[in-house]
Chemist: 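Below are the structure tokens for one structure; questions will follow.
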2 protein chains.
Amino acid sequence: MPVGDKKVPDVVIRRLPLYLRSLESIDPAEYPIVSSEALAKMVGTSSGQVRKDLSYFGVFGKQGVGYQIVLLKGELRRILKLDQEIRIGLIGAGNLGAALVRYHQKNRVHQPLEIVALFDTDEKKIGRKIADVEIHPVECLQEKIQELKIKVMILTFPGEDAQQIVDICVENGVKSFLSFVPVPIKIPAGVKVQTADVTLELQSLAYYT
Amino acid sequence: MPVGDKKVPDVVIRRLPLYLRSLESIDPAEYPIVSSEALAKMVGTSSGQVRKDLSYFGVFGKQGVGYQIVLLKGELRRILKLDQEIRIGLIGAGNLGAALVRYHQKNRVHQPLEIVALFDTDEKKIGRKIADVEIHPVECLQEKIQELKIKVMILTFPGEDAQQIVDICVENGVKSFLSFVPVPIKIPAGVKVQTADVTLELQSLAYYT
DNA sequence: TTATGTGAAGAGTTTCACAGCA
DNA sequence: TGCTGTGAAACTCTTCACATAA
């Protein structure tokens, strides 16, 4: 929803949830207004960057005053599409997958991001539930994505056939991926992959040792 | 180890493990040489970027020929400090922490990155082992970091006291962090934090829905 | 002839500083 | 006067294209 159609950089999008989280930690009854300076301090950036980031989407503050917290939270949720149910799937109900589901369900609070289906190839796991979410066979991927209107997919399987599985997801309407899979993935324009490969992260952290 | 002291961008460092992984998937007996073009295809980037990235660290290829795979792998491991044991600790042996330990131990193969100690505040967990790694009380953080020469710390605890715990780590020689903790962390110059906050990732992915 | 290494151009992102409104 | 919104400057990173070496 960028104002004036200029493309919003990914880095900016990735900072918005940070702003939102900080705003949510303030009691608006006590402090109804926040300045870009104060918000910047909370997330660890500069006031200029906060203002520039927000300016991609419109004018939300009052000059000489600041931002009304309730209003700004609403705008951020709208921009991030967190004002509607977003249904998430997860492929690979192993250790990592199961932990992520439990973690997310516990920390979800009143977030509209809901994990609605898990998928696995292991027959023994089919039909079981993790944190109340059922495990389906990957053969049902297409059917379940459409039925449940899954738009975001978390990938936590070992990695073979990754491309083939991603292709099925994309064809059926999945728009973004959070991938823990240790292989590069090709996606068409308009689809987003966020890589979170723990092995790669640790290897690059070794450099700073 | 940048040639000529020019600072190497973080983005470059984060691509090096990707190059290394691709090189490791080639049998050097069959294909002893690789071109920047071929390597770029494997990791999904451009040949120019591969050459530019490598040029930060020295001259590893032969003009008109390409890169000797065995040699380049060695150089990348040396640059990333993966030619020596790197000891890793993990604070927060909950669902996510346990899953990461098991995941890492399983995928470790012959990597020199080893998780050597887990820490938790829950008394019931102290002394238990996950994937053969013992859980210690957080009170022993200082002692164990020094004793085991831990240089990288994975943070998978709920988040209160995060800053205090990180400070102890830094004071005792930890140089980099992989943080799954949903609070911003302040660190002095020379220390690196890589954030991997699943909730934030999912929230920003909602935008691309 | 081939494919690297690298300055220089281009694109993208952050910082700066100030006009303008409450 | 105080703090936002925003062009312009500064900086960073990527792409390009070509001299150069095998």
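A, B, ... follow the sequence lines: proteins, then strands. Residue 1 opens every chain.
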Chemist: To check you understand the geometry: which heavy-atom pair defines the closest contact between Lys149(B) and Arg87(B), and what is its length?
Modeler: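 Distance-wise, the nearest heavy atoms are O-CB, 3.8 Å.
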Chemist: Will you find, in the side chains of Gln111(A) and Gln203(B), an N or O donor that is under 3.5 Å from an N or O acceptor?
Modeler: yes
Chemist: Considering heavy-atom distances to DNA chain C, does Gly64(A) or Arg15(A) have its closest nucleotide positioned more toward the 5' end?
Modeler: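 Going by which nucleotide is closer to the 5' end, it is Arg15(A).
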Chemist: How is Ser47(B) classified with respect to the nucleic acid when contacts are heavy atoms under 4.0 Å: base, sugar-phosphate, or nothing?
Modeler: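 Ser47(B): no heavy atom of the nucleic acid under 4.0 Å.
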Chemist: Cut-off 3.5 Å, side chains only: do Gln49(A) and Asp53(A) have a donor facing an acceptor?
Modeler: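 No, no side-chain donor-acceptor contact under 3.5 Å.
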Chemist: Expressed as a whole number of angstroms, how long is the span from Gln49(A):CD to dT6(D):C1'?
Modeler: 15 Å
Chemist: Between Gln105(A) and Arg108(A), is there a side-chain heavy-atom distance shorter than 4.5 Å?
Modeler: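 Heavy-atom side-chain distance check passes, below 4.5 Å.
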Chemist: Phosphate oxygens OP1/OP2 of dC3(D): is one of them under 4.0 Å from a side-chain N or O of Ser36(A)?
Modeler: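 Checking dC3(D) against Ser36(A), no side-chain N or O comes under 4.0 Å of OP1 or OP2.
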Chemist: Is the NZ or CZ atom of Lys81(A) positioned over Tyr207(B)'s six-membered ring, under 6.0 angstrom from the centre and within 45° of the axis?
Modeler: yes
Chemist: Could you state the atom-to-atom distance from CG of Asp53(A) to C1' of dT6(D) in whole Å?
Modeler: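 For the pair Asp53(A) CG and dT6(D) C1', the rounded distance is 13 Å.
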Chemist: Considering only heavy atoms of chain B and a distance under 4.0 Å, specify the first and last nucleotide of DNA chain C in 5' to 3' order that meet this criterion.
Modeler: dT2(C) to dA8(C)
Chemist: Looking at Ser55(A), I'd like to know whether one of its side-chain N or O atoms comes within less than 4.0 Å of OP1 or OP2 on dG5(D).
Modeler: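 For dG5(D), OP1/OP2 do not have a side-chain N/O of Ser55(A) under 4.0 Å.
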Chemist: By nearest nucleotide on DNA chain C, pick out whichever of Lys52(A) and Leu54(B) is the more 5' one.
Modeler: Leu54(B)
Chemist: Atom CD1 of Ile13(B) to atom C1' of dT12(D): distance rounded to whole Å?
Modeler: 15 Å
Chemist: Can you tell me if Gln63(B) touches the phosphate of dT20(D), counting only side-chain N or O atoms and a distance under 4.0 Å to OP1 or OP2?
Modeler: no
Chemist: How close or far is atom C1' of dT20(D) from atom NZ of Lys62(B), stated in whole angstroms?
Modeler: 15 Å
Chemist: Return yes if some donor-acceptor pair links the side-chain N/O of Glu85(B) with the main-chain N/O of Leu113(B) below 3.5 Å, else return no.
Modeler: no
Chemist: Starting at atom CZ of Phe60(A), determine the distance to atom P of dT6(D), rounded to an integer number of angstrom.
Modeler: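 Phe60(A) atom CZ is separated from dT6(D) atom P by 11 Å.
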Chemist: From CZ of Arg51(B) over to P of dA19(D), roughly how many Å is that when rounded to an integer?
Modeler: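 In whole Å, dA19(D) P and Arg51(B) CZ are 15 Å from each other.
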Chemist: Taking the side chain as C-beta and beyond, is there a heavy-atom pair between Phe177(B) and Val166(B) under 4.5 Å?
Modeler: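 Yes; the side chains approach each other to less than 4.5 Å.
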